[in-house]
Engineer: 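My structure is below; once you've seen it, I'll send some questions.
So you know, we letter chains A, B, ... as the sequences are listed, proteins then strands, and number each from 1.
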Number of protein chains: 2
Amino acid sequence: MSEEKSSGAVERRSGVALWRQIADAIRQAIADGEYEGMMPGEIALAARFGVNRHTVRAAIAALVEEGLLESVQGRGTLIRRQTRFTFPITRRTRFSEGLAGQSRDRDIRLVAEERIKADPVIAAALTLEPGAELLKLTLVSRADGVPVSTSINYFNAARFSGMAAAVRETGSITRAYAMLGVTDYIRLTTDLTARLADERERLLLELKPGAVVMEARAVNALPDGAPIQYAVTCFAADRVTLKLDMPV
Amino acid sequence: MSEEKSSGAVERRSGVALWRQIADAIRQAIADGEYEGMMPGEIALAARFGVNRHTVRAAIAALVEEGLLESVQGRGTLIRRQTRFTFPITRRTRFSEGLAGQSRDRDIRLVAEERIKADPVIAAALTLEPGAELLKLTLVSRADGVPVSTSINYFNAARFSGMAAAVRETGSITRAYAMLGVTDYIRLTTDLTARLADERERLLLELKPGAVVMEARAVNALPDGAPIQYAVTCFAADRVTLKLDMPV
DNA sequence: TCCATTTGTCTATTTAACTAGACAAGTTCG
DNA sequence: CGAACTTGTCTAGTTAAATAGACAAATGGA
């Protein structure tokens, strides 16, 4: 839809190598479903982007390295995967439910645990006094083995001291909450932005430099509206679409 | 918050020139409010990123070109602007209302007008038969003279043939609707993703290569739920934060 | 005024990215 | 088989990016 056939739009002297611009364009085209099963030949691609065949080969090599493509001598270059997960964001956003039906296995892993003093912004969001003790958990969420998002989550340390253990045991925020007596929670607000992934995110999400992340800052609360969790979640932009369904 | 002091994280041989990685990091740091008024000196920055001073100078030159920084010999490098607009997305999303209070003047400009046959996806979203005639309007929205977003909008051509003229005259979608007898409308659904800006978007939004856009695909409808507009909006990610307030 | 600090400019060298062309080596299909 | 395609590999030359060092020019404060 809205064609825009990614018309050989590579830019020289831009500080981004041509092979990387082409790799990005191909990745996007695949995510948009522009190709099916097989890529056009290297010569055709080179003509399309207006570059040398070797430059296209460098782009393809990067995508092969990523596991997105596979080249076979004599046959051509195959597309290995292209599914993009759709992740609903509503009042009742939950990771594993959100991706149910789109992936065989979901998985949330705790990669860091820390106790810190609340800074003013987070304290205000959680209606705590600045300097209150917070539990800070860093998580990585995967679907079918592919990292989809990484999040930094802040909880009132006094109330949720067992959260880390509960997440580790259950592999789910929702089930961890349940273990701590929170049977239901809602999402109050979400702030969204997007930018290039930084070093930490590239590592956790297995992304290449130049990859884009969407950052969502959300406040979760009890059904009565009392905030209990401040979360900064970074989604790998080329692996997920966020779906906002507006309840009529 | 969530510190992550962008710790000299430049990557070599990544296909992205060091000066561009550094420019991106500085742009992001400024957007995060990490510096105030003045940048650290070139020598300090070079040490921080672990590169030669000339490489930092290349990064700064790019940001000066963008209008974000200004270098003064003998004094240092000044930060010229950075406020980021917050754009609320709710059931009742409207561009000019959304930015009221954050900007002195808003402005929507019609840059292209076309009549096309509906493709299956859009036809389904608008509950029309595939092949129905659509009006396709390309708009650019600005706040305080800065391009914030560009959108491609599809309307049922039969029902909204006067839309282009109405938008041109009123400079507002909401007021254009009013001229055509639609006094109220709601947003049914929004799909969000993010990626690098393509050539067309860079031109319309005055962005540099490597800039990130958030793409929102939305369906607007009459209060009774009948869809009337399919919109693909691209926001310049470093100029805007999307705010999702969960209704009720 | 003098001095320390800042950005601006220059030359030289090295390394990565890109282009060009030729040919080998596999696959497919008539 | 053999012709027509594909990707893989090699050499060679050009252009852009990054490093290194030296010094000029402007600023601000002691």
Engineer: With the side chain of B:Asn52 defined as its heavy atoms from C-beta on, choose the nearest nucleotide among D:dA20, C:dG8, C:dC18.
Structural biologist: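 That would be D:dA20.
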
Engineer: Can you check whether A:Arg12 has a side-chain N or O nearer than 4.0 Å to OP1 or OP2 of D:dA16?
Structural biologist: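 A:Arg12 to D:dA16 OP1/OP2: no side-chain N or O under 4.0 Å.
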
Engineer: Take the protein atom CZ of B:Arg53 and the nucleotide atom P of C:dC10, then report the distance between them rounded to whole Å.
Structural biologist: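 Rounded to whole Å, this separation is 14 Å.
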
Engineer: Roughly, in whole Å, what's the span from CD in B:Glu42 to P in C:dT9?
Structural biologist: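 Checked: the CD to P distance equals 11 Å.
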
Engineer: A:Leu69 has an atom CG; how far is it from atom C1' of D:dT7, in whole Å?
Structural biologist: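 From A:Leu69 CG to D:dT7 C1': 13 Å.
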
Engineer: How many Å lie between CG on B:Leu45 and P on C:dT6, as a whole number?
Structural biologist: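 Rounded to whole Å, this separation is 11 Å.
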
Engineer: Over how many whole Å does the gap from A:Arg57 atom CZ to C:dT19 atom C1' extend?
Structural biologist: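 Those two atoms, CZ and C1', are 15 Å apart.
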
Engineer: Report which part of the nucleic acid B:Arg13 touches: base, sugar-phosphate, or nothing (heavy-atom distance under 4.0 Å, all strands).
Structural biologist: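 Sugar-phosphate, no base atom in range.
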
Engineer: For the base of D:dG8, is there a side-chain donor-acceptor partner from A:His54 under 3.5 Å away?
Structural biologist: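 Checked by distance alone, the answer is no.
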
Engineer: Looking just at side-chain N and O atoms, do A:Thr77 and A:Ser71 make a donor-acceptor pair shorter than 3.5 Å?
Structural biologist: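 Note: A:Thr77 and A:Ser71 side chains meet the donor-acceptor criterion.
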
Engineer: Measure from the side chain of A:Ala17, starting at C-beta and using heavy atoms only, and say which of D:dT19, C:dA17, C:dT19 lies closest.
Structural biologist: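 Ranking D:dT19, C:dA17, C:dT19 by closest atom to the A:Ala17 side chain puts C:dA17 first.
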
Engineer: 5'-most contact on DNA chain D: A:Gly74 or B:Gly74, nearest heavy atom basis?
Structural biologist: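 Final value for this comparison: A:Gly74.
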
Engineer: How bent is the helix from C:dT1-D:dA30 to C:dG30-D:dC1, comparing axes over its five end pairs at each side, to the nearest 10°?
Structural biologist: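 Answer for the end axes of this duplex: 30°.
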
Engineer: Looking at the side chain of B:Gln73, which of C:dA17, D:dA26, D:dT19 is the nearest nucleotide?
Structural biologist: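 The answer is D:dA26, which lies nearest to the side chain.
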
Engineer: Between C:dG21 atom P and A:Ile43 atom CD1, what is the distance in whole Å?
Structural biologist: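 Distance check: A:Ile43 CD1 to C:dG21 P gives 13 Å.
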
Engineer: It should be established whether B:Thr77 places a side-chain nitrogen or oxygen under 4.0 Å from OP1 or OP2 of nucleotide C:dT7.
Structural biologist: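 So the side-chain polar atoms of B:Thr77 do come within 4.0 Å of the phosphate oxygens OP1 or OP2 of C:dT7, strictly under.
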
Engineer: Under 4.0 Å between a side-chain N or O of A:Thr55 and OP1 or OP2 of C:dT19?
Structural biologist: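 So the side chain of A:Thr55 is within the cut-off, an N or O lying under 4.0 Å from OP1 or OP2 of C:dT19.
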
Engineer: Starting at atom CD of A:Glu11, determine the distance to atom P of D:dA16, rounded to an integer number of angstrom.
Structural biologist: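 Roughly 14 Å, once rounded to whole Å.
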
Engineer: Measure the distance from CZ on A:Arg75 to C1' on C:dT28 and round it to the nearest whole Å.
Structural biologist: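 Whole-Å distance recorded here is 9 Å.
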
